[in-house]
There are 2 protein chains.
Amino acid sequence: MATGNRRERERAQREQMIVRAARELAEAEGWDAVTTRRLAAEIEYSQPVLYSHFSGKAAIMTAVAAEGFEELAVALRTARTAVSGVRASLAAVARAYTDFARERPALYDAMFTHAVELRFASPDAPDALQAGFAEFLEVVGPVAGDDAPGLLAETFWAGLHGLALLERSGRLPEQAHDERLTLLIARLAPPR
Amino acid sequence: MATGNRRERERAQREQMIVRAARELAEAEGWDAVTTRRLAAEIEYSQPVLYSHFSGKAAIMTAVAAEGFEELAVALRTARTAVSGVRASLAAVARAYTDFARERPALYDAMFTHAVELRFASPDAPDALQAGFAEFLEVVGPVAGDDAPGLLAETFWAGLHGLALLERSGRLPEQAHDERLTLLIARLAPPR
DNA sequence: CGCCCATCCTAGCAACGCTAGGAATCCTAC
DNA sequence: GTAGGATTCCTAGCGTTGCTAGGATGGGCG
């Protein structure tokens with residue numbers, strides 16, 4: 001067991017390389033370009049080593065998605081705490097969310113379009129996921145009024161998610177994004 | 001040219017068979033199960049005939065999506081005209097939309113997740129697509145107030161789209177769907 | 001009747017995710 | 001220091017995918 005730690009460390013390092021390679025490739029050329037062969041070449045190992053770390057390609061995408069949830073939670077939290085006031089926080093979180101989706105489309109896809117294995121809306125969901133949702137709860141709470149904050153947060157989130165997806169795929173012209181965001185906030189979370 | 005009409009007719013018929021087979025297979029087993037080989041077997045022709053009708057699998061999915069937009073437009077219109085009153089129409093259209101997405105997940109995926117080739121939000125978009133959007137415009141108009149009806153319709157649509165996707169993938173517990181829908185309507189389109 | 005053109009199928013290509021089985025390497029124990 | 005054993009890793013290959021080339025087949029026309 002003398003060298004046990006080193007090997008474990010090296011293994012963890014290599015696993016991180018796989019995830020990073022997958023993410024970079026996906027962000028550069030889309031998930032279709034992320035093949036197990038290219039991944040293997042990228043980390044300078046043969047294909048089968050991937051399977052000693054992950055059960056398959058889907059698991060690798062899930063790992064990338066998990067990273068994404070961490071970063072999303074941070075981004076939302078940063079946005080919220082950077083400003084003060086109920087309406088400013090709302091706007092900041094909303095903008096941070098849609099910015100995140102637009103700037104990292106492949107990552108966002110891994111998180112929300114693929115990777116269905118990740119548990120959501122349950123106690124055993126990843127911490128980062130709950131942390132992200134908590135940010136929504138935080139900014140939405142003050143304007144919830146008689147409605148359940150949880151429900152409002154979910155609906156707010158869904159609205160942003162829909163906007164992000166439809167705009168990114170060209171189904172809604174991106175140029176009016178700001179106006180839609182403003183409208184969504186003004187109506188979903190009106191001043192009380 | 002004596003038999004020209006018959007052959008054209010038969011060709012069109014076979015094309016329809018392909019689209020129907022693709023759709024049924026997708027709805028029964030998901031799009032992953034829709035392979036060109038299975039499609040060919042289903043219509044009792046060999047693989048290459050598919051490519052004499054469509055440029056590839058993506059084009060077949062787009063054709064299925066086009067059917068979906070037709071049906072969605074009809075469903076929305078039916079829902080809207082079945083009731084009277086501003087708020088009732090809003091609720092009816094919203095419910096019809098999310099019902100459509102939940103009951104035909106594969107079709108909905110073809111329309112919104114795949115098939116990016118279809119032009120949206122432009123004059124040369126399919127008629128059915130514009131017709132569907134027109135239904136949103138119709139029910140949203142009376143509550144637009146000072147906001148542009150087009151923007152509100154888009155945002156409303158995005159909200160429903162987000163709800164549909166997040167609920168269907170288990171990211172939001174489906175059981176609270178009604179409450180979210182009510183909340184979305186009450187806030188996005190409040191009584192004026 | 002015989003040619004000819006369109007239609008359709010067989011066969012195959014490259015690439016995919018994934019896996020079996022043997023080679024090579026490193027650690028351990030004597 | 002060296003033999004043995006276990007672990008790590010690679011080569012090779014399987015089955016399937018979307019898609020295509022090229023030859024057979026059969027109906028329509030002169």
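Because the structure is a prediction, the values reported are computed rather than measured. In the text below, chain A, chain B and the rest are named by the order of the sequence lines, each starting its count at 1.
Residue A/His53 contributes atom NE2, which lies 16 Å from atom C1' of C/dC18 at whole-angstrom precision. Rounded to whole angstrom, the span from the CD1 atom of B/Ile60 across to the P atom of D/dC19 amounts to 8 Å. Protein atom NZ of B/Lys57 is 12 Å distant from nucleotide atom C1' of D/dT16, rounded to whole Å. Per the geometry, CZ belonging to A/Arg37 stands 13 Å off P belonging to D/dT11, to the nearest Å. Here the C1' atom of nucleotide D/dT25 and the OH atom of B/Tyr45 are 14 Å apart, to the nearest Å. The nearest whole Å value for the distance from the OH atom in B/Tyr51 to the C1' atom in D/dA21 is 14 Å. A straight line from CD of A/Gln47 to P of C/dT19 spans 11 Å, rounded to a whole angstrom. Remark: P of C/dC18 and CG of A/Leu50 are 10 Å apart, rounded to the nearest angstrom.
In this structure, A/Ser46 does not reach the D/dC9 phosphate: none of its side-chain N or O atoms is under 4.0 Å from OP1 or OP2. Within the 4.0 Å cut-off from OP1 or OP2 of D/dG18, at least one side-chain nitrogen or oxygen of B/Thr36 is found.
For B/Glu154 and A/Arg180, the salt-bridge test passes: some basic side-chain N is under 4.0 Å from an acidic carboxylate O. Taking the charged nitrogens against the carboxylate oxygens, B/Arg77 and B/Glu71 have no contact shorter than 4.0 Å, which rules out a salt bridge.
Mapped onto DNA chain C by nearest heavy atom, A/Pro48 and A/Arg38 fall at different nucleotides, with A/Arg38 at the one closer to the 5' end. Of the residues near DNA chain D, B/Thr35 and A/Ser52, the one whose nearest nucleotide (by heavy atom distance) lies more toward the 5' end is A/Ser52.
Nucleic acid contact for A/Arg14: sugar-phosphate only, since backbone atoms but no base atoms lie under 4.0 Å from a heavy atom of the residue.
The only member of B/Thr113, B/Leu25, B/Val64 that meets side-chain contact (heavy atoms from CB on, under 4.5 Å) when paired with B/Trp31 is B/Val64.
Put simply, CG on B/Leu188 and CG on A/Leu183 are 7.0 Å apart, with the number rounded to the nearest 0.5 Å.
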